[in-house]
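One structure below.
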2 protein chains.
Amino acid sequence: MKSPLRLRQLEALKAVADHGSMTRAASELGITQPAVSRLLSDLGDELGFALLDRRDGRLVPSQEARYLLPDIQRILDMMARLSETSRAITEKRAGHIRIACLPGFATSHLPSVVADFLRHRPGVSVTIEPDRPERILEWMIGEDYDFGITDSFEGHPAVDSQRVDIRSVCIFPEGHWLADRETVGPSDLAGEPIIHTRRDSGFFKALSDAFLTERVALTSRIETRQFTAACELVLRGLGVSVISELDAAQYASRGLQSRPFRPRIPHQLSLVRPILKPASMITLDFIESFAASLAPFRQD
Amino acid sequence: MKSPLRLRQLEALKAVADHGSMTRAASELGITQPAVSRLLSDLGDELGFALLDRRDGRLVPSQEARYLLPDIQRILDMMARLSETSRAITEKRAGHIRIACLPGFATSHLPSVVADFLRHRPGVSVTIEPDRPERILEWMIGEDYDFGITDSFEGHPAVDSQRVDIRSVCIFPEGHWLADRETVGPSDLAGEPIIHTRRDSGFFKALSDAFLTERVALTSRIETRQFTAACELVLRGLGVSVISELDAAQYASRGLQSRPFRPRIPHQLSLVRPILKPASMITLDFIESFAASLAPFRQD
DNA sequence: ACGTTTTTATAACAGCTTGTTATGCTCCAA
DNA sequence: TTGGAGCATAACAAGCTGTTATAAAAACGT
């Protein structure tokens with residue numbers, strides 16, 4: 001009378017209601033007829049009313065049972081859906097990933113990686129939030145996001161970071177005389193107007209150090225925060241630039257040419273995630289995918 | 001890996017997610033901590049991913065588990081609702097009853113019986129369908145309705161009927177000289193214009209037989225199908241009538257007076273239901289209530 | 001109406017689920 | 001380092017869920 005309803009009983013009732021006989025219901029459920037018989041007699045005892053009536057040879061749910069069947073159906077459907085979702089999660093076909101990244105990644109490299117990743121994972125959804133590096137760090141600490149892509153990261157106790165060095169290249173518009181060179185160094189850029197990142201960035205410091213070492217003056221033309229902006233400006237003939245090969249690759253099809261820059265001044269990316277918050281398997285999977293997508297551009 | 005999800009496991013997961021500790025979840029569920037521990041370790045094994053993470057002393061559902069929890073919550077809610085509904089059915093507080101009746105009942109006696117019946121059965125709903133007796137019979141045979149109230153029923157193999165004889169009374173407007181009589185008989189109505197039911201009805205036949213036996217002429221004024229129509233006409237002073245006491249009672253407060261009619265010519269009601277279709281308990285309950293409501297008006 | 005066949009109910013039993021208690025492990029805080 | 005809180009594990013009891021065997025009941029065909 002007070003024992004809880006069991007799923008198996010509901011399944012049995014539905015199967016009999018669907019098939020009109022316990023024998024067929026049993027084979028539908030893949031069990032024997034006496035098992036069904038007892039499941040239903042137990043359920044009937046517990047509920048306190050008759051579940052089935054005989055009508056010209058068929059077993060038909062009683063009016064009381066019919067009243068409950070729609071809800072039973074829904075519960076069983078939802079259980080089936082839950083099972084399916086669980087399996088999808090196990091097989092990494094379902095889940096949600098929140099990614100914070102530099103604005104440049106949101107438009108250039110990340111979308112294609114996400115697209116590849118989602119292609120065979122229909123149940124997975126992704127949030128991409130572009131912002132400044134400081135904000136990305138905050139988000140990692142606050143555990144608002146699962147994964148972050150940033151640069152110039154000095155480390156933080158609450159953040160797990162994996163550093164990736166990306167090769168840098170010199171970019172110039174089509175037809176520029178630098179196209180004749182195998183590699184480009186500071187001495188090749190003497191007098192060339194240069195578009196570069198902000199002077200307080202690590203990347204600019206490394207670049208100007210290289211010029212300094214070779215005793216070449218760096219002709220600063222434009223300062224910008226994003227590599228993609230530099231690409232656009234170079235495309236329009238406003239100068240040349242040294243940027244991450246990753247961004248240069250995106251612009252190769254749009255008429256931007258590039259050559260390896262020497263000496264090597266890696267663009268330092270950091271793949272970060274909250275260290276306190278355990279990552280879901282799908283997140284780890286994605287981070288792995290993302291790291292792999294960077295392999296062709298890694299230095300060493 | 002292939003064993004089905006069990007409700008108990010879902011309950012345990014939800015309880016731990018809610019309370020942040022297995023110990024508290026266990027007491028919430030009214031079981032011991034090791035039971036919860038194993039339920040969850042089983043579930044984790046079956047699903048193939050971690051369900052819980054430790055976060056500064058609390059157990060927190062993993063991202064994967066969080067993804068499933070809303071659905072789990074809904075399933076558990078629906079199970080609780082189903083249990084509640086089942087108990088309501090057992091206690092006759094839920095269900096649905098389809099009633100077919102003569103038009104007169106739909107407006108006069110039935111509504112108050114239904115209202116009383118539903119008063120303490122909040123989950124019960126009722127359909128009332130008024131129509132002609134022949135149609136009511138069809139509905140019973142077709143099992144479209146659970147219960148029917150009709151008259152002049154000759155019986156049918158597919159229909160279970162219970163006959164109820166209702167006393168008949170002579171009705172007349174307030175101030176009519178018949179108010180002086182204890183009972184009214186044909187001789188009292190000599191020359192009075194009489195409003196009566198259709199000539200082919202059993203009730204009219206019984207009435208005219210009574211007049212014939214006492215050798216009194218029946219002065220027919222208006223013929224109508226329904227007793228309630230007769231009441232309205234009598235109220236307006238168009239004559240007197242002999243009708244079921246049941247209908248007369250409804251009009252007592254509206255200025256219609258009545259006296260028992262002698263000889264007794266019962267109005268024959270039939271309470272019918274499909275014999276092949278098993279009645280729900282709530283239906284049987286209602287039929288009983290309805291029959292009881294007729295008791296004050298029954299003849300013998 | 002009768003015997004045959006189909007279907008459902010019951011019984012006895014095996015294995016798994018779900019609870020118990022007892023106890024060990026781990027982590028954190030005094 | 002020690003104690004306490006909380007979780008995991010083990011061993012076991014009871015109950016659920018399945019089995020086979022068989023009885024009982026209903027449906028069906030002559």
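Labels below follow one simple rule: chain letters A, B, ... track the order of the sequence lines, proteins then strands, and each chain is numbered from 1. The basis for the numbers below is simple: all heavy atoms, side chains too, and nothing from hydrogens, waters or symmetry mates.
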**Asked** Going 5' to 3' along nucleotides 22-30 of chain C, which nucleotides have protein heavy atoms under 4.0 Å from the base (write B), which only from the sugar-phosphate (write S), and which from neither (write -)?
**Response** B--------

**Complete:** note: B:Leu13, atom CG; D:dC7, atom C1'; distance rounded to Å ~ 16 Å

**Message:** In whole Å, I'd like the distance from the CZ atom of B:Arg24 to the P atom of D:dC7.
**Reply:** 8 Å

**Request:** Between B:Ser37 and A:Gly30, name the one whose nearest nucleotide on DNA chain D is closer to the 5' end.
**Result:** B:Ser37

**Prompt:** Which whole-number value in Å describes the distance from B:Leu40 CG to C:dG19 C1'?
**Reply:** 15 Å

**Asked** Are the side chain of A:Ser270 and the backbone N or O of A:Val272 linked by a donor-acceptor pair below 3.5 Å?
**Response** no

**Request:** With the side chain counted from C-beta on, respond yes when B:Ser280 and B:Asp146 share a heavy-atom pair under 4.5 Å apart, and no when they do not.
**Result:** no

**Fill in**
dist A:Tyr67:OH -> B:Ile89:CD1 (nearest 0.5 Å) comes out at 6.5 Å

**Asked** What integer distance in Å separates B:Leu7:CG from C:dG19:P?
**Response** 12 Å

**Prompt:** Given atom CG of A:Asp42 and atom P of C:dA11, what is their separation to the nearest angstrom?
**Reply:** 13 Å

**Asked** What's the closest nucleotide to the A:Arg38 side chain, out of C:dT8, C:dA12, D:dA11?
**Response** C:dA12

**Prompt:** When you check the phosphate oxygens OP1 and OP2 of C:dT17, does a side-chain N or O of A:Arg8 lie under 4.0 Å from one of them?
**Reply:** no

**Message:** Quick check for you: to the nearest 0.5 Å, what is the distance between A:Asp144 atom CG and A:Ile136 atom CD1?
**Reply:** 12.5 Å

**Asked** Contacts to DNA chain D from residues 73-87 of chain B, heavy-atom cutoff under 4.0 Å, which residues?
**Response** none

**Asked** Would you say the side chain of B:Gln9 lies within less than 4.5 Å of the side chain of B:Glu46, judging by non-hydrogen atoms?
**Response** yes

**Prompt:** Taking for each residue the nucleotide of DNA chain D with the nearest heavy atom, is it A:Arg58 or A:Ile31 whose nucleotide lies nearer the 5' end?
**Reply:** A:Ile31

**Request:** Have a look at B:Ser21 and say if it touches a base, only the backbone sugar-phosphate, or nothing, with a 4.0 Å heavy-atom cut-off.
**Result:** sugar-phosphate

**Item:** Nearest-angstrom distance from the residue atom CG of B:Leu10 to P of C:dT17
**Value:** 15 Å

**Item:** Electrostatic pair B:Glu138-B:Arg135, nearest N-O below 4.0 angstrom
**Value:** yes

**Message:** Without decimals, in angstroms, what is the distance between A:Asp53 CG and C:dT7 P?
**Reply:** 19 Å

**Asked** Are B:Asp77 and B:Arg81 close enough for a salt bridge, meaning some N to O gap below 4.0 Å?
**Response** no

**Prompt:** Would you call A:Glu143-A:Arg98 a salt bridge at under 4.0 Å N-O?
**Reply:** no

**Item:** Contact list for residues 120-141 of chain B, test ring pair (Phe, Tyr, Trp, His ring centres under 6.0 Å), sequence neighbours left out
**Value:** B:Trp139-B:Tyr145

**Asked** Rounded to the nearest Å, what distance is computed from the CG atom of residue B:Leu39 to the C1' atom of nucleotide D:dT9?
**Response** 15 Å

**Request:** Could you check which of D:dT17, D:dT19, D:dG6 has an atom nearest any side-chain atom of B:Thr23?
**Result:** D:dG6

